[in-house]
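To start, the structure itself, in C-alpha cells.
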Amino acid sequence: MLTKPIKLFIIFALAALIGYIIFDSVSQPNVGDLRGNFKEVAMYRNANNTGPVVRIYAVTVQDTLWNEMEKFGNLMPYTKYGSTKAYFFREGKPVPSQLEPGDENFDASFQASCLAVYEKDANGQVSLIREPFRR
C-alpha cells in the first residue's frame with residue numbers, strides 16, 4: 001500500500017507532466033509569430049491521398065524579409081514524397097486568386113509582382129529563390 005506522501009508526489013508529478021505537455025503544445029511557433037504580416041491568398045492541393053501530395057500557396061507579405069519567408073515555408077504542411085511551394089507577393093500588388101498544378105502555377109501576368117518562391121521537394125530539399133521571374 002502506498003503512503004499518502006507517495007500518492008501526493010505521484011499526483012503532483014502527473015499534473016506537472018500534463019501541464020508541460022499542454023504548455024508545449026500551445027506554445028509552438030506559428031505564422032502569426034513571424035514579421036511581415038503574411039496572408040495566404042490562394043491555395044491548391046491535389047486530391048491524391050495515395051501518392052505524392054502537391055501543395056501550392058500564394059502569400060502576400062509587407063516587406064522582402066527573406067529569412068521570414070523561409071521560416072513561413074518551413075511552417076507550411078509537407079507530406080513525405082510530396083511537395084510544398086509558396087509564392088510570395090508584396091502586399092498591395094497583383095496576386096493570383098487561383099493556383100493550378102504543373103510548371104506554370106498561375107497566369108504569367110502576375111510574374112512581375114512575385115518576390116520569391118519557396119519550395120520543399122519530394123526529397124525534403126528546401127530552396128528559396130528571390131525574384132524567380134526577373135529577366
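- Closest non-hydrogen pair, I56 versus L99, comes out as O-CD1, 3.4 Å.
- Under a hydrophobic-cluster definition in which Ile, Leu, Val, Met, Phe, Trp and Tyr are linked whenever side-chain heavy atoms come within less than 4.5 Å, directly or via other members, M76 and V61 are assigned to the same cluster.
- Nearest heavy-atom pair, A42 versus P96, reported as atom, atom and distance to 0.1 Å: CB-O, 3.7 Å.
- Side chains of Q111 and E104 form a contact here, defined as non-hydrogen atoms less than 4.5 Å apart.
- Remark: Q98 CD is loosely packed, at most 12 non-hydrogen atoms of other residues, nucleotides or ligands lying under 6.0 Å away.
- Nearest heavy-atom pair, T60 versus E91, reported as atom, atom and distance to 0.1 Å: CB-CA, 4.2 Å.
- For the residue pair P101 and Y44, the shortest heavy atom distance occurs at CG-OH, 3.5 Å.
- With hydrogens and angles disregarded, no donor-acceptor distance shorter than 3.5 Å links the side chain of N105 to the backbone of A58.
- Under the 3.5 Å distance criterion, the side-chain polar atoms of T84 are left unmatched by any main-chain donor or acceptor of K120.
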Practice item. Determine, stepwise, if the pair K93 / L115 fulfils side chain to side chain contact (heavy atoms under 4.5 Å, CB included). Key: CA-CA 10 Å; K93 297 284 184 177; L115 295 172; over 6 Å; no

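- Residues W66 and A116 come closest through the heavy atom pair CZ3-CB, 3.6 Å.
- Atom-to-atom distance recorded for E119:CD and K85:NZ is 4.5 Å, nearest 0.5 angstrom.
- Rounding to the nearest 0.5 Å places CZ of R90 at 10.0 Å from CD of Q62.
- Atom CG of D63 is surrounded by more than 12 heavy atoms from other residues, nucleotides or ligands within 6.0 Å.
- Proximity of a side-chain donor or acceptor of N123 to a complementary backbone N or O of Q125 within less than 3.5 Å is not detected.
- Annotation for P77 and Y57: closest pair CD-OH, 3.3 Å, computed over non-hydrogen atoms.
- The distance from atom CG of D107 to atom CD of E100, rounded to the nearest 0.5 Å, is 8.5 Å.
- For the atom pair CZ (F72) and CG (L128), the distance works out to 12.0 Å, reported to the nearest 0.5 Å.
- Contacts classified as ring pair (Phe, Tyr, Trp, His ring centres under 6.0 Å) and involving residues 103-130 (residues at least two apart or in different chains) are given here: Y87-F106, F89-F106, F106-F133.
- Using a 4.5 Å cut-off between side-chain heavy atoms of Ile, Leu, Val, Met, Phe, Trp and Tyr, with links allowed through other members, L8 and I10 fall into different hydrophobic clusters.
- Residues R130 and T64 have side chains that never bring a donor and an acceptor to within less than 3.5 angstrom of each other.
- Residue E68 holds its CD atom at 10.5 Å from CD of E70, rounded to the nearest 0.5 Å.
- Under a 4.5 Å side-chain heavy-atom cut-off, the cluster of Ile, Leu, Val, Met, Phe, Trp and Tyr residues that includes I22 is completed by I18.
- Contact of the L75 side chain with the L34 side chain is registered, since non-hydrogen atoms from C-beta on lie closer than 4.5 Å.
- Separation of atoms CZ (F9) and CG (L14) is listed at 9.5 Å; rounding is to 0.5 Å.
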